[in-house]
Amino acid sequence: MNVKSISLALIVVIIWGLNFSVIKFGLAELPPILFSGLRFLVVAIPAVFFIPFPKTSVWNVLGVGLFLGVLKFSLLFIAMESNASAGIASLLLQAQVIFTVLLSVLLLKETMDRFQVVGISIATFGFSLFFINSSGSTTILGAVLILLAALFWSFSNLIMKRLQDVNLLHFIVWVSLVPPLPLFTLSYFIETDAPLTLLLNTTTQSWLSIAYVGYISTLIAFAVWGWLLKNYKAAAVTPFALLIPIVGIVGSALLLNEQLMLMEAVGGGFILCGLTISVTGARISRIVRKPQTEAIP
């Protein structure tokens, strides 16, 4: 990757890392399910009137819309409203890496290499530390909800793994058309029966939060990430995602004055170590062995 591409990857990491703190600003005034619905509405409308339907099955769009849009983000936003800090949410959500690998083995008959086994084991131990007590930056309920959100994210990952030659920006725009109606319906019956009144009294802070999460974090960041994946091998691009929880934790400390408890810091260290081994272990091993192999006469 050249300097321009590395810079773009780091910009996406910063956008997605700060996204969790920005979500917190929006949740200060708006209930989580309504906020999630608005996030997807601003992405889909009016873009769907100008962007063609992606070259894939409508079932793929509906599947990702359900798992990613309705289930994953609803659970994440509900957890972040009062049960988890922005930094912890950015960290625990990376369980989607583990779930995606495990589901690929179970459902797609893929195999795990030894680095994935070791990395997943280390990361799982790190996740378990967040269930020892609920006196830190997340409650046990918050941790469970975020891990469930990560699980549903992994289901959408499996669907997206099957996509071939699909414009990712077009796909995300049309996927975003799926969640608003069911989310608004759920919000009406569960959160508020006067959503219009609530929206009329919403301040600029929340609207800026929706705009950031919708346009910058979703449309722009996903478009750049898709361009990187299209032009470089996934093994060169995906490791950058490991920096997202680091940016999330630092960002939440600077913007929200959130601090990690000692046990959370230890657990986070194990999680990041495990994810790094799982994602980059095999590649680093090949690089280390290659000079040795070439040296053999």
Side-chain angles (χ1 to χ4, degrees), residues 16 18-49 58 61-86 88-90 92-93 96 138-156 159 171-219 221-222 248 252 256:
W16 281 343
L18 295 179
N19 190 53
F20 294 89
S21 294
V22 175
I23 289 171
K24 275 285 190 179
F25 288 124
L27 292 176
E29 293 184 345
L30 294 172
I33 298 177
L34 178 61
F35 182 89
S36 185
L38 290 170
R39 172 255 180 95
F40 286 104
L41 182 66
V42 301
V43 173
I45 304 297
V48 292
F49 297 111
V58 66
V61 173
L62 290 174
V64 174
L66 172 63
F67 288 119
L68 187 69
V70 177
L71 297 173
K72 178 246 181 173
F73 279 105
S74 292
L75 292 172
L76 174 63
F77 285 10
I78 290 172
M80 289 185 64
E81 183 183 29
S82 58
N83 289 285
S85 69
I88 291 300
S90 68
L92 294 182
L93 197 61
Q96 59 91 13
T138 181
T139 64
I140 292 178
L141 175 61
V144 170
L145 290 175
I146 295 174
L147 291 178
L148 284 175
L151 176 61
F152 287 122
W153 187 3
S154 68
F155 278 114
S156 71
I159 296 174
F171 185 77
I172 291 298
V173 167
W174 280 89
V175 161
S176 297
L177 190 62
V178 177
L181 183 57
L183 289 177
F184 289 151
T185 303
L186 284 173
S187 177
Y188 181 83
F189 287 104
I190 297 175
E191 296 177 333
T192 176
D193 58 359
L196 292 179
T197 302
L198 182 61
L199 292 178
L200 289 174
N201 293 312
T202 299
T203 65
T204 303
Q205 172 182 291
S206 293
W207 289 114
L208 289 175
S209 175
I210 292 171
Y212 181 96
V213 175
Y215 296 122
I216 298 177
S217 178
T218 301
L219 279 181
F222 265 107
S252 68
L256 303 172

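Quick note: residue numbers are just sequence positions, from 1. Side-chain atoms are counted along with the backbone in the values below, which use heavy atoms only and exclude waters and symmetry mates.
Within the 6.0 Å centre-distance limit, the rings of F40 and F73 are counted as a close aromatic pair.
With a 4.5 Å cut-off on side-chain heavy atoms, F171 and V61 count as touching. Side-chain contact between E191 and P32 is present, with at least one heavy-atom pair separated by less than 4.5 Å. Side chains of E81 and F35 form no contact here, defined as non-hydrogen atoms less than 4.5 Å apart. Taking 4.5 Å as the limit, every side-chain heavy atom of F155 sits out of range of all side-chain heavy atoms of L71. Put simply, the side chain of V173 reaches to within 4.5 Å of the side chain of L219, judged on heavy atoms.
Residue T202 holds its OG1 atom at 8.0 Å from CG of L34, rounded to the nearest 0.5 Å. Here the CG atom belonging to L199 is positioned 5.5 Å from the CG atom belonging to L38, to the nearest 0.5 angstrom. A distance of 11.5 Å separates CD1 in I33 from OG1 in T192, rounded to the nearest 0.5 Å. Rounded to the nearest 0.5 Å, atoms CG (L151) and CZ (F67) are 9.0 Å apart. Note that OG1 of T185 is 10.5 Å distant from CD1 of I190, once rounded to the nearest 0.5 Å. With rounding to the nearest 0.5 angstrom, the CH2 atom of W153 is 7.5 Å from the CG atom of L68.
When all heavy atoms are compared, the tightest approach of P179 to G65 is CG-O, 3.7 Å. The shortest non-hydrogen separation linking R39 to F77 is NH1-CZ, 4.1 Å. Smallest separation of non-hydrogen atoms from A79 and G142: CB-O, 3.8 Å. Closest approach of L66 to V178, counting heavy atoms only: N-CG1, 4.3 Å. Minimum heavy-atom separation, D193 to Y188: O-CE1, 3.4 Å. Across all their heavy atoms, G69 and S36 have their closest contact at O-OG, 3.9 Å.
Annotation: side chain to side chain contact (heavy atoms under 4.5 Å, CB included) contacts of L177 (sequence neighbours excluded): A44, I45, V48, W174. Shown here are the side-chain hydrogen bond (donor to acceptor under 3.5 Å, both in side chains) partners of Q96, two or more places apart in sequence or in another chain: N157. For S154, there are no side-chain hydrogen bond (donor to acceptor under 3.5 Å, both in side chains) partners at least two apart in sequence or on another chain. Partners of A149 under the side chain to side chain contact (heavy atoms under 4.5 Å, CB included) rule, at least two apart in sequence or in another chain, are K72, L75, L76, L93. Legend: residues meeting side-chain hydrogen bond (donor to acceptor under 3.5 Å, both in side chains) with Q205, ordered by chain and number and at least two apart, are absent.
With F25 as the partner, the side-chain contact (heavy atoms from CB on, under 4.5 Å) test is satisfied by one option alone out of L30, L208, I210, L256: L256. None of S209, S217, S90 except one satisfies the side-chain hydrogen bond (donor to acceptor under 3.5 Å, both in side chains) rule with N19; the exception is S217. The side-chain contact (heavy atoms from CB on, under 4.5 Å) test with V175 singles out one residue from L62, V64, V43, and that residue is V64.
Although no hydrogens or angles enter the test, the distance criterion places no donor-acceptor pair under 3.5 Å between the side chain of S187 and the main chain of L183.
Counting only residues at least two apart or on different chains, the side chain to side chain donor-acceptor pair (under 3.5 Å) pairs with a member in residues 22-35 are E29-T203, E29-S206.
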